[in-house]
There are 2 protein chains.
Amino acid sequence: MNETPALTKNQSLVMSVLSEAKSPLSAYQILDELRPEGLRAPLQVYRALDKLTEHKLVHRIESLNAFVACSHAAEHGGEMVAFAICEACGRVEEFCDPVLQSRLAAWSHEHDFIPTRTTLEIKGRCAACH
Amino acid sequence: MNETPALTKNQSLVMSVLSEAKSPLSAYQILDELRPEGLRAPLQVYRALDKLTEHKLVHRIESLNAFVACSHAAEHGGEMVAFAICEACGRVEEFCDPVLQSRLAAWSHEHDFIPTRTTLEIKGRCAACH
DNA sequence: CAAGATATGTAATGTAATAACATATCTGAC
DNA sequence: GTCAGATATGTTATTACATTACATATCTTG
Ligand SMILES: [Zn+2]
Ligand SMILES: [Zn+2]
Ligand SMILES: [Zn+2]
Ligand SMILES: [Zn+2]
């Protein structure tokens, strides 16, 4: 069910750039990295990002207008994902928390709200940057 | 301590537009609303939004690149704020939840992360839009 | 092979946010 | 009152982020 298909050429290129990045990259930063490989237009990157995001191999960080490779070893289920973003070094840590998830589910249920997607991003300073 | 100063002319204009809006507005939508009052440039709106956001009279919705008037009757303390955003009607509900807040504080403490700002936005369908 | 689906290439445009600089208004010290 | 610093405003240009529209190529599958 819902197998992740093999990546296409552009998807692979974008994925490899994000996998090697130490912090989130904007679509235009990714494009610049890939000009040597022949990419020229933002849309080539955005299309790849759309697919990668759909398959949850990549996540969009809304508060940065940027993208990170998923750091989950295993596949994502339907669970909520959160991010801790260091404002000093730029590093992002991805995490899941069942308590947060169930608390949000409870709020939604109480308020007759049907959630489809949750954005949870904490900005601050990571352990290495105190 | 930290009194909210009286609003300037442009801040008042922007605040009044947001207060009457039924859903979040982009800076450019606000600008269009205020052209009749003489505003002409995005920066006039962005500057007002910066101050209003600083005083927490307005919140930025990161996932929409848009802004809403704060719906808290009382003043904000340092607490975390969350938003439930209806993808059908556009309405946004602002809420606080101590459980979410303490759980995020716990995660941060466990991971030696010093948080400064949290973005929590749930997209979905509100009670009126099932 | 033919037909439909998926992926790619390219140009142009739309939308969001900031930089740089000039001018005006407010506020307190003298 | 007036001078000086701080705050607010006005204006133009530019940068950053994202999508529309259309043409072409490649990959399925009957
Ligand atoms: Zn992930
Ligand atoms: Zn750090
Ligand atoms: Zn509020
Ligand atoms: Zn609704």
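- Distance CG (A:Leu25) to P (D:dA18): 13 Å, rounded to an integer number of Å.
- Within the 4.0 Å cut-off from OP1 or OP2 of D:dT9, at least one side-chain nitrogen or oxygen of B:Thr8 is found.
- Applying the 4.0 Å criterion to OP1 and OP2 of C:dA24, one finds that B:Lys9 has every side-chain N and O outside that range.
- Side-chain contact check for A:Thr119 and A:Glu62: no donor-acceptor pair (N or O, by modelled atom type) lies under 3.5 Å.
- Residues A:Glu79 and A:His76 have side chains that bring a donor and an acceptor to within less than 3.5 angstrom of each other.
- Look at CG on B:Asn65: it is 16 Å from P on D:dA16, rounded to the nearest Å.
- In this structure, A:Tyr28 packs face-to-face on the six-membered ring of D:dC17, meeting both the 5.5 Å centre cutoff and the 30° plane limit.
- At the phosphate of D:dA18, OP1 or OP2 sits under 4.0 Å from a side-chain N or O atom of A:Arg60.
- Atom-to-atom, CZ of A:Arg47 to P of D:dC22 comes out at 14 Å; the value is rounded to the nearest Å.
- Residue A:Ala27 is classed as having no contact, given no heavy-atom separation below 4.0 Å to the nucleic acid.
- One can place CG of B:Leu7 at 15 Å from C1' of D:dT7, the figure rounded to the nearest angstrom.
- Between A:Lys51 and B:Ala66, the one whose closest nucleotide on DNA chain C sits nearer the 5' end is A:Lys51.
- Salt bridge absent: B:Arg47 and B:Asp50 never bring a charged side-chain N and a carboxylate O closer than 4.0 Å.
- Whole-Å rounding puts the A:Asn10 CG to C:dA7 P distance at 11 Å.
- Atoms CG (A:Leu34) and P (C:dT8) sit 12 Å apart, rounded to a whole Å.
- With DNA chain D read from its 5' end, the first of the two nearest nucleotides for A:Gln29 and A:Leu43 is the one closest to A:Gln29.
- Here the P atom of nucleotide C:dT15 and the CD1 atom of B:Ile61 are 21 Å apart, to the nearest Å.
- Residue B:Gln44 contributes atom CD, which lies 16 Å from atom C1' of C:dA16 at whole-angstrom precision.
- Ring orientation note: the planes of B:Phe95 and A:His111 are close to parallel, at an angle under 30° on the 30°/60° scale.
- Side chains of B:Glu87 and A:Thr116: a donor-acceptor N/O pair is present below 3.5 angstrom, by distance only.
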